[in-house]
There are 2 protein chains.
Amino acid sequence: MEVQTSQNTADKIKAVSLSLFARKGFEGTSLAEIASRVGIKKPSLYAHFKNKEDIFLAVIDKVMADYIAYFETVANKLVNRQAEEKLFILLKENTDYLRDEELGLIWKRMMLFPHETLKEKLKEKFLASEEKMTGTILAILKELKEDGIIQENTEEVLDAYYCLMDGTFEQVFYYPEIEHKRRLQHSWQVFWKGIKR
Amino acid sequence: MEVQTSQNTADKIKAVSLSLFARKGFEGTSLAEIASRVGIKKPSLYAHFKNKEDIFLAVIDKVMADYIAYFETVANKLVNRQAEEKLFILLKENTDYLRDEELGLIWKRMMLFPHETLKEKLKEKFLASEEKMTGTILAILKELKEDGIIQENTEEVLDAYYCLMDGTFEQVFYYPEIEHKRRLQHSWQVFWKGIKR
DNA sequence: GTCTATAAAAGGATAGAC
DNA sequence: GTCTATCCTTTTATAGAC
């Protein structure tokens, strides 16, 4: 296994494209600008990718894979923690990860305004990661219920938790980090009081 | 004051453009398609608007004005209601209004992915409507506190309420109406339990 | 105000030399 | 793999007749 000391051209194209697609969207990004930032000429892009859509898909694949890999590391952080902590860490780590501006932006764009021709492909990938998340949350809730810490209505708690997650996710983009942290803390406190026995 | 029996051309352009900008974004929408849907030729657009950006700004102005007008009618619905109800109605009406697909979509696009050159202008308009909202919410919270119904920490409650609002707003776009209604109900219940004394 | 005609630029994509 | 040169299409925008 070779150690990669510097990015090859294809990786550079993906990195540059991620940044541009995130900030300007698919239509708003031109191949000319991608090539220029990579430091090559436009036609050279076609030596690495079939066309513009192909570049976009490669970027998305990487984003998804990275996110799922990240989620695994978070899941590992949860072992040996109190159930209450687990629930909070899951929430916090998720927003921290997506706060990385470009990553969060392209993730958001994908989910909210999927490119028409890629809608199906995106939805499929997205659902897979959502299932994992729900499984992890449900396991924590079960633990909390068995210990008699929270109320019995799992569906209510799950719905409220996802709403909390979506709300904090959305707010990552509006507010500076310090303000967002306060909002997250407050929202979490109210949520926790709301689900306790 | 004349009664407008049918839309004039400028209004038709705005209506058609709203729909297209909402679904395809600024770059994804062409003047050719706007003109075609209005039923005129492309160059005729320039008799009504200076350029593409000008059309976009006119659309946004209308969206903002409509939203603020709607908010006024909601505020009127609140009088003579219990404070708890007021808080819930505000939440529910807001998502109901934004559920209108195109309206919600363009609203979302504006806030999350403002067109680079228009960022400042959009933020300004948006902040005005947000201030009104916060004023209304704070008045309700004051009422609830004076009656000893909710806890004293206003900032915590306000932050959690906005998170709830942002979460339900986001979910309007993911889930069908019936499922969204259930999620809203559950999230509200947990929130309410969380802020009560 | 609407049209035809046309400009001027930018976009994605290919051919072929090196 | 990268380049120059080029193609084709689409896009925004203007000129000028009616």
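No hydrogens, no waters, no symmetry mates; every other heavy atom, side chains included, goes into these values. Naming: A, B, ... by sequence-line order, numbering from 1 per chain.
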Chemist: What's the CG-C1' distance between B:D54 and D:dA13, to the nearest Å?
Modeler: 13 Å
Chemist: Taking only side-chain N and O atoms of A:T9, does any of them lie within less than 4.0 angstrom of OP1 or OP2 on D:dT2?
Modeler: yes
Chemist: With a 3.5 Å cut-off and sequence neighbours excluded, list the donor-acceptor pairs that the side chains of residues 187-197 of chain B form with protein atoms.
Modeler:
residue	atom	partner	partner atom	Å
B:S187	OG	B:R183	O	2.8
B:K193	NZ	A:E156	OE2	2.8

Chemist: Test: salt bridge (charged side-chain N to carboxylate O under 4.0 Å, His left out). Region: residues 74-85 of chain B. Which pairs qualify, not counting sequence neighbours?
Modeler: B:K77-B:E93, B:R81-B:E85
Chemist: Would you say A:S44 reaches D:dC3's phosphate, i.e. side-chain N/O to OP1/OP2 under 4.0 Å?
Modeler: yes
Chemist: Check whether A:Y67 reaches the backbone of A:L98 with its side chain - one donor and one acceptor, N or O, closer than 3.5 Å.
Modeler: no
Chemist: Quick one: list whatever passes side-chain hydrogen bond (donor to acceptor under 3.5 Å, both in side chains) with A:H115, sequence neighbours left out.
Modeler: A:T117
Chemist: Can you give one letter per nucleotide of nucleotides 9-18 of chain C, 5' to 3': B if a protein heavy atom sits under 4.0 Å from the base, S if only from the sugar-phosphate, - if neither?
Modeler: --SBBBB---
Chemist: Applying side-chain hydrogen bond (donor to acceptor under 3.5 Å, both in side chains), name anything that partners B:K52, two or more places apart in sequence or on another chain.
Modeler: none
Chemist: Donor-acceptor pairs under 3.5 Å, side chain of residues 127-144 of chain A to any protein atom, not counting sequence neighbours: which ones?
Modeler:
residue	atom	partner	partner atom	Å
A:S129	OG	A:F126	O	3.0
A:K132	NZ	A:E72	OE2	2.6
A:T134	OG1	A:E130	O	3.1
A:T134	OG1	A:Y162	OH	2.6
A:T136	OG1	A:K132	O	3.0
A:E143	OE1	A:K86	NZ	3.1

Chemist: What integer distance in Å separates A:I40:CD1 from D:dC3:P?
Modeler: 6 Å
Chemist: Separation of A:K41 atom NZ from D:dT6 atom C1', in whole Å?
Modeler: 16 Å
